[in-house]
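Counting convention: from 1, in listed order, for ligands and their atoms alike. All values reported here derive from a predicted model rather than from experimental measurement.
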Amino acid sequence: MKRRILSALLSMTLAASLLAGCAAAPASAPAASDAAPAAEASSDEAAPAAEAAGGAGGKVGVSMPTKDLQRWNQDGDNMKTQLEAAGYEVDLQYASNDVQTQLSQIENMISSGCNVLAIAAIEGSSLGEALDMAKDAGIPVIAYDRLLMDSDAVSYYATFDNYMVGTVQGTYIKDTLDLDNADGPFNLEITAGDPGDNNAGYFFNGAYDVLKPYIDEGKLVVVSGQNTFEQCATPTWATETAQSRAENILSSYYADGTNVDVWLCSNDSTALGVENALAANYNGEYPIITGQDCDIENTKNMIAGKQSMSVFKDTRTLASQVVKMIGQILNGETVDVNDTETYNNNVITVPSYLCEPVFADVNNYKELLIDSGYYTEDQLQ
Ligand code: BGC
């Protein structure tokens, strides 16, 4: 993995001032909705027939992992809105976190004549069959947010800088505890992401690389002893799984009144599980808790003092970058990438566009989330 020399850049102050995502990508989608529709059905009924106006046109298959987690609803909505505005027909499908469903949805997209596919995989390495089919049919594939692994049928990757997400979280902990000057020791627990998601290791490593020197010198102590990615992982990023692991840790290691000073959580769905576990099973001083995505429930918790920070990844920005790439692919133009080294999927290094994640906390959430139209004030009540 390409190590980024970011710690100097990522003081809390600077991170807080990084207000733009991908510089080139204007955000224009409507505010996100809190309510995910119950059914995970195709939403292409409303898609108008593609018009070849302005060089656009053609059909785009957008495959999303699930409606269970807030962000994918926003990603799907943003992609559909922006693609239709650019004159494409859209086949948007959610796969209920079921790999077989995602495989058959993608195969249908191919046989129904999609010209390009954007795929956010449930499990990065399980879609080989469908990707081979796309390659045979000459259909370019963009890996959306999560890298598609073990395949040479991936044309491009668009995501946020995943390692940087972790360094923003780790640097926040380092700065907040003033680890260079404070004596400590401070007790730390870690909740990481889904082992089937290539991003999860980047988040973990980005944070761990910042914290490791302090763990090595004994200033940060992982009381449970669970400090490898495998020990801390949360399959499918499920809140309930993160919650039950946190409950076990709290009852095994903290029931005697020991304080947990900080809980590094890779994202908001897992942070929510830890926050639920703390509410029911812990009476000590409330820890620093990290997150990622600025989900509505977590933003409310930040405002209420139950989560310390999150990392904002504006899904409008990622969608507009991908829409731009799709236009470039279909028009035979050079496709915008800004990283050609980092993302090797075990077969090829996939040309990538990395958007910039942004530090968020109770001090800047209004500017980031409300002033920018991402949420309305009512959604955060
Ligand atoms: C995304 C995160 C998200 C997680 C769970 C990851 O692939 O990059 O933003 O929190 O999946 O949905």
message: Name the residue from Asp216, Ile173, Asn227, Val222 that meets the side-chain contact (heavy atoms from CB on, under 4.5 Å) definition with Leu211.
response: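 It is Ile173; the other options fail the test.
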message: Would you call the rings of Tyr202 and Tyr343 parallel, tilted or perpendicular, taking 30° and 60° as the class edges?
response: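 Rings of Tyr202 and Tyr343: tilted, 30 to 60°.
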Output field: ring centroids Tyr374/Phe312 closer than 6.0 Å: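 Centroid separation for Tyr374 and Phe312: below 6.0 Å.
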field: Near-ring test Tyr353/Tyr157, centroid separation under 6.0 angstrom
entry: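 Between Tyr157 and Tyr353, the centre distance exceeds or equals 6.0 Å.
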- prompt: Checking Lys219 against Tyr214: charged group under 6.0 Å from the ring centre and within 45 degrees of the axis?
  reply: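 No, Lys219 does not lie over the aromatic ring of Tyr214.
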- prompt: With distance as the sole criterion, is a donor-acceptor pair present between the side chains of Glu189 and Asn187 under 3.5 Å?
  reply: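 No, because no side-chain N or O of Glu189 sits under 3.5 Å from a partner of the opposite role on Asn187.
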task: Select all protein residues for which some heavy-atom-to-ligand 1 distance is less than 4.0 Å, and list them by chain and number.
output: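 Contacting ligand 1 under 4.0 Å are Leu69, Arg71, Trp72, Asp145, Arg146, Asp197, Asn199, Phe203, Trp237, Asn267, Gln292, Asp293, Lys313.
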